[in-house]
Amino acid sequence: MQFEPRDQFEQRQKKLQQIQALGHDAYPREFRWTDTAAALVEQYGQTPGAELEANRREVRVAGRIVSLRLMGKAGFAHLQGSGKRIQVYLKKDVVGERGFELFHLLDLGDSIGVRGHLFRTKTNELSIWVEELFFLSKALLPLPEKWHGLTDVELRYRQRYLDLIANEKARQVFVTRARIIQELRQFFDGRGYIEVETPMMHPIPGGAAARPFITHHNTLDIDLYLRIAPELYLKRLTVGGFDRVYEINRNFRNEGISTQHNPEFTMLEFYEAYSNYRDLMDMNEKLFALLAKKITGSTTVKYGETELDFSKMQRLSMREAIVKYWPPEAGLPPTLEGLAAPGGAHEATKRYNAWAKQSGAPYAAAKGTLTDGEWTGLLFEAVAEDKLIQPTILYDFPTDISPLSKQKPEDPTLTERFEIYVAGMEVANGFSELNDPAEQERRFLAQMAQGGDEMPKQLDLDYIRALCHGMPPTAGEGIGIDRLTMLLTDSQSIRDVILFPLLRPEGGGESSSASEAHGA
RNA sequence: AGGGGCGUAGCUCAGUGGUAGAGCAGCGGCCUUUUAAGCCGAAGGUCGUGGGUUCGAUCCCCACCGCCCCUACCA
């Protein structure tokens, strides 16, 4: 075992031996504390020193040493516990020879416990007058720099534990993330939902269009797929009579990494029998406003340069969004009727692309021949998606790109599906669930016929069979927890809301081309 | 995958075609109310890796590795 910086590592090992020589356990088993640093700062932050002297408050507090100022026969340190710091003051004639010797052997990063009482220093800082010092654990490696903290983003992600110690904001993001999930559970539990866990290893990947990760089960000798969505299992449960279910857990998609994408990400997915997509839209408006209010204190939330207003949501059909956000420089916008007509979306896309290519705007790149619905979806993404900054419910998706959604009775080319966009990001996707087994089979087979990495290769017959047992009319939705957390914590990258985002493994770097180059 | 940027002490960062610098952390010493404690002293580096140009490269060029950003795939 050797880690950089080696000299400090060895130095601290030596100190640990000296601490043992003083009669302390190198790795003690417990410390009985009465208060956390955070609670004391909260409770006594304003209490005057005279009052602290008059009613002596005895405390036992544990924490990590994050600052250390040793002055001859006395010293100060800050202990960090539950995210907050409290100062401790220690002098030789109070803690005694042995206690003070131990104090001398402490380093930044060590865990200690103290017994003492609260007081205020000359500069009026709330502090603990230490009467007894307890050694709890040695940090063999140094903390990040005390003033700037840890700013190297790579180190912040790879060694998140250091980020959490050094950067209060980072800690706060993950506390908020936990609160968001708690609020969501409360919301759905309060509406009669039950929380379930469905398989994360699937024999047939399904429920979304995405490339799966493949793994293998040895005893059964079968390949399994890390799930790309829990959808098909959750709907089996609505068949089984769980009329309101939700699951909060990971999905895995073998695709690119970006500020908005991590290969494993957390989704809340929920299904509600006897409701349709309009019911969910209404529910979402309430949910997002409630969450913003509970988490940030206001329905208006700062995100980067903008203010997001969750008190209301704009509603647009996909075609309306194309018309609304069509850039005037690209000529007259298409009409709703034009987009609905056969070939209309393709024609509009060609006009848009002609302008986009010469102006440098993102254009709608298609591979292969597309259906009207696919052109519509593509055109929407190019024209409108990144313009949807304020919370927007986008609805009525083409059937061609919505294989699990129920069609609109008056127009089978469209489905009862919506997505919620905020800050240009898709954060939710919901629909009236297709529960006609014959139609579902047709759609699955059409997907398979279309081919491609992200399309199902195999028909999920058991799912069709489940539908044949009858699924009540049901509305379902998925909400991306990571992106939602980004919005409510003002985080610009998904890596800032995932504790351990996927990075290339450290120290690898022995690619075959590199070793060939070395050999040549 | 393509384009752009970055990589110097443990951390945060300067810097130059001529043998490498600061602050913090660490080490030795002084200091019993300090707080980015202070003062004195010593130490710490294959300047991401490998090639090339050059009398000489941390600096210029190329390749590779890693990270970040944008685009593409996707949620």
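Within every chain, numbering begins at 1; the chains are lettered A, B, ... in the order of the sequence lines, protein sequences first and strands thereafter. The shown structure was predicted, so the numbers you read here are calculated from the model rather than taken from an experiment.
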Check: With both distances kept under 3.5 Å, what pairs with B/C24, Watson-Crick or G-U wobble?
Finding: B/G10
Checklist line | Check: A/Leu414 main-chain N/O paired with A/Thr399 side-chain donor or acceptor under 3.5 Å | finding: yes
Check: Checking all strands, does A/Ser67 fall into the base, sugar-phosphate, or nothing category for heavy-atom contacts under 4.0 angstrom?
Finding: nothing
Next item on the list: Using only side-chain N and O atoms of A/Arg495, determine if any of them is under 4.0 Å from OP1 or OP2 of B/C68.
Entry: yes
Next item on the list: Provide, to the nearest angstrom, the distance between the CD1 atom belonging to A/Ile479 and the C1' atom belonging to B/A75.
Entry: 13 Å
Check: Expressed as a whole number of Å, how far does the P atom of B/G5 sit from that of B/A43?
Finding: 40 Å
Margin query: For B/C69 and A/Ser258 - does any side-chain N or O of the residue sit under 4.0 Å from the phosphate oxygens OP1/OP2?
Written below: no
Checklist line | Complementary nucleotide of B/U33, counting Watson-Crick and G-U pairs under 3.5 Å | finding: none
Margin query: Please confirm whether the shortest side-chain N or O distance from A/Arg158 to OP1 or OP2 of B/C67 is below 4.0 Å.
Written below: yes
Margin query: Taking the P atom in each of B/A9 and B/G21, what is the distance between them to the nearest angstrom?
Written below: 14 Å
Checklist line | Upstream residue (5' side of RNA chain B) when A/Trp129 and A/Glu385 are each assigned their closest nucleotide | finding: A/Trp129
Check: Mind checking whether A/Leu287 and A/Leu184 have side chains closer than 4.5 Å, heavy atoms only?
Finding: yes
Margin query: Under a 3.5 Å cut-off for both contacts, is B/C67 paired Watson-Crick or G-U wobble with anything, and if yes, with which nucleotide?
Written below: B/G5
Item checked: Base-pairing mate for B/A42 - Watson-Crick or G-U, with both contacts under 3.5 Å -> none
Show each protein N/O and nucleotides 24-26 of chain B N/O combination with a separation under 3.5 Å, one pair to a line.
| unit_1 | atom_1 | unit_2 | atom_2 | d |
| --- | --- | --- | --- | --- |
| B/A25 | OP1 | A/Lys146 | NZ | 3.1 |
| B/A25 | N3 | A/Gln8 | NE2 | 3.2 |
| B/G26 | O4' | A/Gln8 | OE1 | 3.4 |

Item checked: Separation of the C1' atoms in B/G3 and B/C59, to the nearest angstrom -> 25 Å
Checklist line | Nucleotide B/C13, atom P - distance to CG of A/Leu150 in whole Å | finding: 10 Å
Notebook entry, point to check: To the nearest 0.5 Å, what is the distance between CG (A/Leu105) and CD (A/Gln17)?
Noted result: 11.5 Å
Item checked: Whole-angstrom distance between B/G66 and B/U49, as gauged at atom C1' -> 11 Å
Checklist line | Most 5' of A/Val427 and A/Ser493 on RNA chain B, judged by nearest nucleotide | finding: A/Ser493
Item checked: Separation of the P atoms in B/U19 and B/C24, to the nearest angstrom -> 27 Å
Next item on the list: Would you please classify the geometry between the A/Tyr277 ring and the A/Phe418 ring as parallel, tilted or perpendicular, with 30° and 60° separating the classes?
Entry: tilted
Note to self: Once hydrogens and angles are ignored, does a donor-acceptor distance under 3.5 Å link the base of B/U33 to the side chain of A/Glu125?
What the structure shows: no
Item checked: Side-chain H-bond candidate by donor/acceptor type, A/Thr266 with A/Arg177, under 3.5 Å -> yes
Check: So what does A/Asp482 hit on the nucleic acid, given a heavy-atom distance under 4.0 Å: a base, only sugar-phosphate, or nothing?
Finding: nothing
Next item on the list: Write down the distance between CE (A/Met486) and C1' (B/A75), rounded to a whole number of angstrom.
Entry: 11 Å
Check: Is there a side-chain contact between A/Asp396 and A/Arg417 (heavy atoms, below 4.5 Å)?
Finding: no
Next item on the list: Looking only at side-chain atoms of A/Leu70, point me to the closest of B/U32, B/C31, B/C11.
Entry: B/C31
Item checked: Gap in Å between the two P atoms, one belonging to B/U8 and one to B/U46, rounded -> 12 Å
Checklist line | Nearest to side-chain heavy atoms of A/Pro144, which nucleotide of B/C11, B/C68, B/U33 | finding: B/C11
Item checked: Qualifying residues under side-chain contact (heavy atoms from CB on, under 4.5 Å), relative to A/Glu305, sequence neighbours excluded -> none
Checklist line | Sugar-phosphate only, base, or nothing, as touched by A/Gly480 at under 4.0 Å among non-hydrogen atoms | finding: nothing
Item checked: Polar side-chain atom of A/Glu255 near backbone of A/Arg211 as donor-acceptor pair, under 3.5 Å -> yes
Item checked: Nucleotide paired to B/G56 in any strand shown, Watson-Crick or G-U, under 3.5 Å -> none
Checklist line | Partners passing side-chain hydrogen bond (donor to acceptor under 3.5 Å, both in side chains) against A/Arg160 (at least two apart in sequence or in another chain) | finding: A/Asp163
Next item on the list: Rounded to whole angstrom, note down the P distance from B/C67 over to B/A25.
Entry: 31 Å
Margin query: Just the rounded figure in Å: distance from P of B/A75 to CZ of A/Arg227.
Written below: 16 Å
Note to self: If I pick the C1' atom on B/U58 and the same atom on B/U16, what distance separates them, to the nearest angstrom?
What the structure shows: 9 Å
Next item on the list: Under 4.0 Å between any heavy atoms, over every strand shown, what does A/Lys92 touch: base, sugar-phosphate, or nothing? Just pick one.
Entry: nothing
